[in-house]
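Working notes, structure below.
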Amino acid sequence: MERSSRILVGCTGSVATIKLPQLVQKLTEAIPGVEIQVVVTEAAKNFFSPQDLGQDVRLHTDADEWAAWKQRGDPVLHIELAKWADLIILAPLDANTLAKIASGLCDNLLLCILRAWDAGKPFLFCPAMNTKMWQHPVTAQHIAQLKAWGYHEIPCIEKTLMCGDKGPGAMAEVDTIVHCIRQHLNKDN
């Protein structure tokens with residue numbers, strides 16, 4: 001019997017994290033038997049309630065990294081999650097975490113997972129930030145770096161942002177993200 005797809009959803013400190021429960025629900029509906037685990041940065045925790053994810057979705061935070069590890073030989077969470085998942089999606093990917101990834105930093109659970117990620121497995125990212133941040137020249141450099149490593153961008157869209165500004169920088173629509181995830185999972189089957 002073929003096992004179900006395993007998706008790791010990473011969320012960072014963008015207000016677009018409010019769409020996390022909707023993304024999890026739509027992935028569950030669109031991919032039969034899918035297993036989903038979520039990893040959030042400390043800033044992302046401000047934008048959703050863990051109860052909204054459902055009972056079958058395991059949520060990981062920085063505090064979990066060392067809770068299971070007591071001595072040599074114990075599992076290391078960021079390594080275990082990188083091995084467990086078939087695909088990782090960063091939705092949303094804020095400017096801060098984008099810069100850290102492009103620079104090779106790994107100072108939280110999510111970034112450690114990304115640093116341990118198997119380049120042969122799909123890595124998708126959905127940038128989401130204020131228009132002014134999106135238009136800063138370093139953003140294009142960071143996006144280009146991730147793409148050079150073989151990561152797949154699901155481009156941001158233009159709309160009125162939560163702050164009231166209008167322009168590019170909003171995370172792609174959830175349906176678009178789900179469609180892209182399904183395409184990448186189907187490539188591997």
Side-chain angles (χ1 to χ4, degrees), residues 7-24 27 37-50 52-53 59-65 78 81-82 85 87-117 119 121-181 184:
I7 298 174
L8 192 57
V9 178
C11 288
T12 64
S14 164
V15 71
T17 296
I18 64 173
K19 295 184 178 181
L20 173 60
Q22 180 187 10
L23 176 60
V24 168
L27 284 170
Q37 293 194 51
V38 175
V39 178
V40 296
T41 63
E42 287 301 304
K45 290 168 32 177
N46 293 299
F47 299 108
F48 74 101
S49 174
D52 294 338
L53 296 180
L59 176 66
H60 302 279
T61 66
D62 287 349
D64 298 323
E65 176 74 279
H78 67 267
L81 288 172
L87 176 148
I88 191 162
I89 175 78
L90 302 181
L93 174 57
D94 67 7
N96 182 53
T97 305
L98 172 63
K100 287 181 175 188
I101 297 168
S103 300
L105 297 178
C106 46
D107 63 356
N108 62 36
L109 174 59
L110 180 59
L111 292 171
C112 287
I113 293 166
L114 303 181
R115 190 67 181 261
W117 191 252
K121 297 191 296 186
F123 181 125
L124 287 69
F125 65 97
C126 304
M129 62 196 75
N130 178 271
T131 299
K132 296 293 185 195
M133 297 171 87
W134 176 254
Q135 293 172 336
H136 191 284
V138 77
T139 302
Q141 292 173 7
H142 291 156
I143 297 279
Q145 180 62 62
L146 271 58
K147 291 166 91 172
W149 292 335
Y151 304 164
H152 304 277
E153 178 187 13
I154 302 174
C156 66
I157 59 174
E158 188 170 322
K159 69 179 204 176
T160 300
L161 304 175
M162 293 294 277
C163 64
D165 291 352
K166 293 181 183 178
M171 186 174 78
E173 296 295 341
V174 170
D175 288 338
T176 301
I177 296 168
V178 170
H179 176 76
C180 290
I181 289 170
H184 282 274

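In what follows, every heavy atom counts, from backbone to side chain, and hydrogens, waters and symmetry copies are set aside.
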Step by step, would you call Ile89 with Cys126 a side-chain contact (heavy atoms from CB on, under 4.5 Å)?
CA-CA 8 Å; Ile89 175 78; Cys126 304; 3.7 Å; yes
Evaluate the criterion side-chain contact (heavy atoms from CB on, under 4.5 Å) for residue pair Leu93 and Ile101; output intermediate values, then yes/no.
CA-CA 10 Å; Leu93 174 57; Ile101 297 168; 3.9 Å; yes
Between Val9 and Leu23, is the side-chain contact (heavy atoms from CB on, under 4.5 Å) condition met? List the steps.
CA-CA 9 Å; Val9 178; Leu23 176 60; 4.1 Å; yes
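What you find for Cys163 and Asn130 is that their closest heavy atoms are SG-ND2, 3.4 Å. Smallest separation of non-hydrogen atoms from Leu110 and Cys11: CD2-O, 4.2 Å. Scanning all heavy atoms of the two residues, the minimum distance from Ala102 to Trp149 falls at O-CH2, 3.7 Å. Leu111 and Cys106 get closest at one heavy-atom pair: CB-CA, 3.5 Å. Here the shortest heavy-atom pairing between Trp117 and Ala85 reads CH2-CB, 3.7 Å. Counting all heavy atoms, side chain and backbone alike, Thr17 lies closest to Pro21 at O-CD, 4.2 Å.
Note: Phe47 CZ to Met162 CE = 9.0 Å, rounded to the nearest 0.5 Å. How far CG of Leu105 is from CZ of Arg115: 8.5 Å, rounded to the nearest 0.5 Å. With rounding to the nearest 0.5 Å, the separation of CG in Leu27 from CD1 in Ile7 is 5.0 Å. Atom CG in Leu81 sits 6.5 Å away from atom CG in Leu109 (nearest 0.5 Å). The distance from atom NE2 of His179 to atom NE2 of His184, rounded to the nearest 0.5 Å, is 9.5 Å. To the nearest 0.5 Å, atom CG of residue Leu98 and atom OG of residue Ser103 are 9.0 Å apart.
A 6.0 Å sphere centred on NE2 of His152 holds more than 12 heavy atoms belonging to other residues, nucleotides or ligands.
Relative orientation of the Phe123 and Tyr151 rings is parallel, given thresholds of 30° and 60° on the angle between their planes.
One N or O on the side chain of Lys121 and one on the backbone of Ala82 form a donor-acceptor pair closer than 3.5 Å. At distances below 3.5 Å, not a single donor-acceptor pair connects side-chain atoms of Lys45 with backbone N or O atoms of Val40. Distance alone, capped at 3.5 Å, places no donor-acceptor pair between the Glu65 side chain and the Asn108 backbone. One N or O on the side chain of Thr139 and one on the backbone of Met133 form a donor-acceptor pair closer than 3.5 Å.
A heavy-atom distance below 4.5 Å is not found between the side chains of Ile113 and His60. Residues Lys19 and Ile177 form no side-chain contact, since every pair of their non-hydrogen atoms from C-beta on lies 4.5 Å or further apart. Proximity of Ser14 to Met171: side-chain heavy atoms (C-beta onward) are nowhere separated by under 4.5 Å. No side-chain heavy atom of Asn96 sits under 4.5 Å from any side-chain heavy atom of Thr12. At least one side-chain heavy atom of Leu59 sits less than 4.5 Å from a side-chain heavy atom of Phe48. With a 4.5 Å cut-off on side-chain heavy atoms, Pro127 and Pro92 do not count as touching. Residues Gln135 and Pro168 form a side-chain contact, since some pair of their non-hydrogen atoms from C-beta on lies under 4.5 Å apart. Within the 4.5 Å cutoff, no side-chain heavy atoms of Ile143 are placed close to those of Leu146.
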